[in-house]
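Just so it is clear, the structure is predicted and the values come from calculations on it, not from any experiment. Order of listing sets the numbers, starting from 1, for every ligand and every atom in it. All values below come from the heavy atoms of this structure, side chains included, with hydrogens, waters and symmetry mates left out.
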Amino acid sequence: MFRREFVKDFFYSLVLFLFRPLKTLKAQTKYKHFLKIVLADGKKTDLTALMAGKAYYLNLDDFANLGNYGIFTNNTRKKSVLKIGEIKLKFTADNPFVVVNDQIIQILNQPVWNEGSVWVPVREFCQVVNDFTELHLEYLPNVPQIRFGAKSTNVLSVSIEQKANGTLIALNTTKPFPAGKINTRLVNGWLYLELIGGKGNAKTFTKKLKDPVVAEMRAVQFARLLSIGFRLKKIPHDYEAIYNPDLSQVLLTLRFKEIAQNDTQEEQPADNVNDELENQKSAWMIDTIVIDPGHGGKDPGALGYYHLKEKDIVLKIALKLGEYLKKRLPDVKILFTRKTDVFIPLWQRTQFANQNNGKLFVSIHCNSNPRHSVNGFETYFLSADKNAKASKTVLLENKSIEFETSEDKKRYQGINFVLATMAQNAFIKYSQYLATIVQRSLRNRLRSEGMKDRGVKQGPFYVMVNATMPNVLVETGFISNKHEARLLRSKSTQAKVALGICDGIIKFKKDFESAL
Ligand SMILES: [Zn+2]
């Protein structure tokens, strides 16, 4: 009797032991890490965290629960949309792109998929939330802890409306901006509004628009002022900015002599949020790629062994690249800045890409160096970095403007260059990613040729300034190096270079579009 009870008890305990403790044990080994949370009201709680490398990851579902934020997860596509206020943040596992309402941004570490949830790297997540939403999260990675705080911005949001006699741009502020604190100026089709003492999330005011007058906005936060640029589709005959204390708004009014009826009818209001998202999606799809063979005509580019001229080699590679792209991406429009031996000023190349709604811009070049031993291929993205200004490659490529008229040359000088480079900020991260992928693909294709991988670099190239799309410049090798000159002159190496760039473009397109 005793024995039977004992055995029964024993088995009962065994069953308990086998199931309950094991479950907790499993959870504990899996979630060794916890993230301390301090909410705005001072309440504290912990969230489980994953750790990979030195980065902590948090579960988006858990985060949504903290503030009752809306969350929608698509298990098949491993995506989650988190809604904070009016802002929707779409994260995709194993994808570096985050869709924020009508914008796409890139983060360093990719989200991961684990147990039916998207987990996001905490540092990048807080950055995105701070840049775009009403929340302010302070991340202390050493604890690790997230502290909810208050925003310190005084310029909050923008709206653009078409009126009978013009366009009204309204900025909601929490601080007055009297006459002396507001500046405006119109430069090269951009209308700049400067609010002295203004603080805002530059990213809130940096976006492409579906508006008949304003094509896009770009903002930069300086120490003393917030500068917001509006790229206009047509130039107003008159404009002014005033602060309206009753509305607590800065009102920027653009007046046109007449407003074409067709322009305003073009903009059909979206039926619902989904339609809107779908519209934005199609605006982002990479449906047009612009290939830019460097130099041409009176500008031969670099000169190398075997009487090679850069302009001839890069044209051959570019045409080959076009062929491959057309074959592998039959639905994508492939455009060339030149298909023959003609001279085109640098500024016209990106203008061509912008006017044709190019979604990627790839400029192809060969390098040269007085030291003939220097060799290898490298991929550049634009940066205004002063250190890179003196780089031999930058100087060499920018020399093309010596063939341009003095009128053309003015476009690259002083303030124009700074403003144009600033305006590019929105694309630099994508360009950097594109450069990384193109360089990696080139390495794979050129390994068999024994060509040296010189890596991804950045520099202030005139040919890339003003491009309103991700853009890179590929230096395919040194024709001042005998070995590489021989390779680059051969059809087979030209084809491999073209294939490398083609692989990179396709991979970038796939990653970029799968985040949409
Ligand atoms: Zn060149």
### Task
Could you please spell out the steps behind the side chain to side chain contact (heavy atoms under 4.5 Å, CB included) verdict for M469 and N357?
CA-CA 9 Å; M469 68 215 68; N357 271 320; over 6 Å; no
#### Entry: Distance-only polar pair, side chains of S514 and N95, donor-acceptor under 3.5 Å
yes
#### Entry: Side chains of K79 and T92, donor plus acceptor under 3.5 Å
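Yes - a donor-acceptor pair under 3.5 Å links their side chains.
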### Query
If you look at H365, which of its N/O/S atoms is nearest to the Zn ion (ligand 1)?
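For H365, the N/O/S atom sitting closest to the Zn ion (ligand 1) is ND1.
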### Message
For the Zn ion (ligand 1), give me the closest N/O/S atom belonging to E310, just the atom name.
### Response
OE2
### Residue E397, metal the Zn ion (ligand 1), N/O/S under 2.8 Å
yes
### Test item: V213 and I160 side chains (from C-beta on) under 4.5 Å apart, heavy atoms
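Not touching, per the 4.5 Å side-chain cut-off.
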